[in-house]
Amino acid sequence: MRVLSGIKPTGDLHLGNYLGAVKQWVAMQEDIQASGGETMYFIADLHGLTEWIDPARMTANTIEMTATLIAAGIDPARSIIFNQARVPAHAELAWLLNNVARVGWLNRMTQFKDKAGKNREGASVGLYDYPVLMAADVLLYNATHVPVGEDQKQHLELTRDIATKFNTDYGTELFTLPEPLVSKAAPRIMSLRDANAKMSKSNPSEQSLVKLIDSDETIADKFRKAKTDPDLLPATMAELAERPEARNLLTIFAALSDRAPDDVLGDYAGKGFGQFKPALADLAVAKLGPIRDEMVRLLNDRGAIDAILRDGAERAAALAAPTLHGAQTAMGLLV
Ligand code: TYM
């Protein structure tokens, strides 16, 4: 088994990333290692370029995101941690796969449609091609399992289509078809201001997302001010079907405390948000505060963080080389 996943360094790590992806990444390290497999996690800096980002911010975010992952429990001694740009095989394989992926397939990608919005003509070519680079990330290492939030599932289905077409067109079994592992507890954490929008690094409203670098006071304040309704809490999640804000906060509480949402409701049924929100704020501060403190400590030595990325890139490059070579020769390239 080889587990691989990535995160863009386009902003600070937030609760959606943490509960939807990173918490799973941490949990998988032990089991996968025990079964002789590998866990690989990377900063998707090349994907970060698909929408404008200030170069100095890109550099700082790459280091800060790495520190946050380590503080959250990704252990460089157990997992390979690296940034994509330091392993050129990602971009090289993406070019090869560009000739396998079809325009019609990319046209169906909902993330591109959402991000490009009405201004499709003005979107970068990179934003359109994003899913092909993502396929290269996964196929390069023959990853068997990819832990992600629900929003990335479509990209992984495309990855499987690209792998299948490559294997068929070139008469090879080079690429392994990866399985997406979508978090059951927190597949899609929503904005704290608008439960119809997902919590996202690109949301301009600071109140909409809890960041892992937020102070205890800020975390508590954001939960206290989270949008809710005036009704009391019921006994089961099924009764919250029409109350998206309430459902989102319950999901967050349950995922942070590793409990089933109905079990949490057992404690709050018949009570209002006046009681629930302070408890959620306390829980979030207790779980996230120590991660932030450790991240701040790690950032005192940015050189050490970069050394971890360099070492990870060397190990990743060694694993990537045979697959890239296999793809090149399957296509008849003289390399
Ligand atoms: P990114 O940086 O947008 O998101 C990183 C991870 O966080 C998950 N996520 C969420 N989960 C639940 N609720 C939310 N509100 C929420 N917001 C984000 C994402 O699903 C993701 O798992 N394209 C990837 C980066 C990537 C990648 C890869 C992942 C590049 N190459 C190869 C896996 C394999 C992304 O969306 O990153």
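Since this is a predicted model, take the numbers as computed values, not measurements. Counting convention: from 1, in listed order, for ligands and their atoms alike.
- Under a 4.0 angstrom heavy-atom cut-off, H14 registers as being in contact with ligand 1.
- Annotation: side chain of R243 is in contact with side chain of D231 (closest heavy-atom distance under 4.5 Å).
- Contact annotation for V146 and ligand 1: only side-chain heavy atoms (C-beta onward) come within less than 4.0 Å of the ligand.
- Taking 4.0 Å as the cut-off, P187 counts as a neighbour of ligand 1 on heavy-atom distance.
- Heavy-atom contacts of V138 reach the following atoms of ligand 1: 32 (C), 34 (C) (cutoff under 4.0 Å).
- The nearest heavy-atom contact from the protein to atom 3 (O) of ligand 1 is K8 CE, 3.3 Å.
- Nearest-residue assignment for atom 20 (O) of ligand 1 (options V148, D151, I7; heavy-atom criterion): D151.
- Less than 4.0 angstrom separates some heavy atom of A186 from each of these atoms of ligand 1: 12 (C).
- Here the heavy atom of the protein found nearest to atom 31 (N) of ligand 1 is D137 OD2, 2.6 Å.
- Within the structure, ligand 1 has K201 among the residues with a heavy atom less than 4.0 angstrom away.
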Does R86 form a salt bridge (charged side-chain N to carboxylate O under 4.0 Å, His left out) with D306? I'd like the steps, not just the answer. CA-CA 11 Å; R86 279 220 178 97; D306 196 33; 3.1 Å; yes
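- If you check which protein heavy atom lies closest to atom 25 (C) of ligand 1, you get G6 O, 3.5 Å.
- Nearest protein heavy-atom contact of atom 11 (N) of ligand 1 is G16 O, 3.2 Å.
- By the criterion of a heavy-atom distance under 4.0 Å, neither the backbone nor the side chain of S200 is placed next to ligand 1.
- Listed by atom number, the atoms of ligand 1 under 4.0 Å from H47 heavy atoms are 30 (C), 31 (N).
- Between E150 and ligand 1, no pair of N/O atoms sits closer than 3.5 Å.
- Ring planes of F166 and Y170: tilted class, angle from 30 to 60°.
- By the 6.0 Å contact criterion, NZ on K153 is open, its count of non-hydrogen atoms from other residues, nucleotides or ligands being 12 or less.
- Below 30°, between 30° and 60°, or above 60°: for Y128 and F112 the angle between ring planes is above 60°, a perpendicular geometry.
- Judged purely by distance below 3.5 Å, without hydrogens or angles, the side chains of E38 and Q33 never pair a donor atom with an acceptor atom.
- Looking at G20 next to ligand 1, no N or O pair under 3.5 Å apart turns up.
- D12 has its side chain within reach of E64: a pair of non-hydrogen atoms, C-beta onward, lies under 4.5 Å apart.
- The closest donor-acceptor contact from the side chain of K8 to the backbone of D45 lies at 3.5 Å or more, if one exists at all.
- For atom 35 (C) of ligand 1, the closest heavy atom belonging to the protein is Y130 OH, 3.6 Å.
- At a 4.0 Å heavy-atom cut-off, ligand 1 does not touch L19 at all.
- Ring pair Y268/F276 is perpendicular by interplanar angle, where above 60° counts as perpendicular and below 30° as parallel.
- Checked options R188, K198, K115; the residue passing with D151 is K198 (criterion: salt bridge (Lys or Arg N to Asp or Glu O under 4.0 Å)).
- Partner Y41 forms a side-chain contact (heavy atoms from CB on, under 4.5 Å) with one of T66, V22, V3 and no other, that one being V3.
- For ligand 1, the atoms closer than 4.0 angstrom to any heavy atom of A44 are 30 (C).
- The protein atom (non-hydrogen) at minimum distance from atom 6 (C) of ligand 1 is A21 CB, 3.7 Å.
- In this model, a donor atom of one side chain and an acceptor atom of the other lie less than 3.5 Å apart for Q29 and S79.
- Residue M190 has no nitrogen or oxygen atom sitting less than 3.5 Å from a nitrogen or oxygen atom of ligand 1, judged on distance alone.
- Atom numbering of ligand 1 starts at 1 in the shown order; those under 4.0 Å from a heavy atom of S5 are 29 (C), 33 (C).
- Protein heavy atom in closest approach to atom 9 (N) of ligand 1: N17 ND2, 3.7 Å.
- Side-chain atoms of R224 do not come within 3.5 Å of backbone N or O of P278 as any donor-acceptor pair.
- Contact of the L250 side chain with the V264 side chain is registered, since non-hydrogen atoms from C-beta on lie closer than 4.5 Å.
- In this structure, atom 13 (N) of ligand 1 lies nearest to the protein heavy atom I189 N, 2.8 Å.
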